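Just so it is clear, the model here is predicted, and its values are computed rather than measured.
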Amino acid sequence: MTARKKWSAEVTEHSDALDLEEHVFESDDAKKIAASLKRSAEHSHRRKAEPFQSAMSMLNFYINRAGRNLPESRKRVLEKAKDELRAAFGREREG
């Protein structure tokens, strides 16, 4: 388990992903999370994909890495943040 935690921390800190605001995923406000991810994606020089894809990928990465340890209340907020992120980028929800 320790190796996985180190791996995910390494990815978060050193990947060509996004330069995130600290504690962005700790907010209880899905709109704030989405707005922060949008800002980070649009201003990051580390991303390789389009801003929407980079922001959504980082949100999914965080949710997936937390896995079963993510409380249902947090998961609801983060899933709502996905919808808010789609809205912020003018994207429709697929399927």
_I need the S27 OG to L78 CG distance, nearest 0.5 Å._
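One gets 9.5 Å once the value is rounded to the nearest 0.5 Å.
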*If you measure from CZ on R39 to CG on L20, what distance do you get to the nearest 0.5 Å?*
11.5 Å
*Taking only residues two or more places apart in sequence, or in another chain, which ones meet Q53 in a side-chain contact (heavy atoms from CB on, under 4.5 Å)?*
A49, S57
*Can L85 and R91 be said to form a side-chain contact (heavy atoms from CB on, under 4.5 Å), step by step?*
CA-CA 8 Å; L85 193 57; R91 303 282 182 113; over 6 Å; no
*Considering residues at least two apart in sequence or located in another chain, which fulfil the side-chain hydrogen bond (donor to acceptor under 3.5 Å, both in side chains) criterion with R74?*
D28
*Using the test side-chain hydrogen bond (donor to acceptor under 3.5 Å, both in side chains), find all partners of E26 that sit at least two apart in sequence or belong to another chain.*
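Listed in chain order: H23.
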Using the salt bridge (charged side-chain N to carboxylate O under 4.0 Å, His left out) criterion, which residues pair with [X]? Sequence neighbours excluded.
{"X": "R76", "answer": "none"}
{"X": "K75", "answer": "none"}
{"X": "D83", "answer": "R86, R93"}

Can you give each donor-acceptor pair under 3.5 Å made by side-chain atoms of residues 30-38, sequence neighbours left out, with the distance rounded to 0.1 Å?
unit_1: S36; atom_1: OG; unit_2: E21; atom_2: OE1; d: 3.2
unit_1: S36; atom_1: OG; unit_2: E21; atom_2: OE2; d: 3.4
unit_1: K38; atom_1: NZ; unit_2: E42; atom_2: OE2; d: 3.1

_Using 30° and 60° as the class boundaries, would you call the ring planes of F52 and F89 parallel, tilted or perpendicular?_
perpendicular
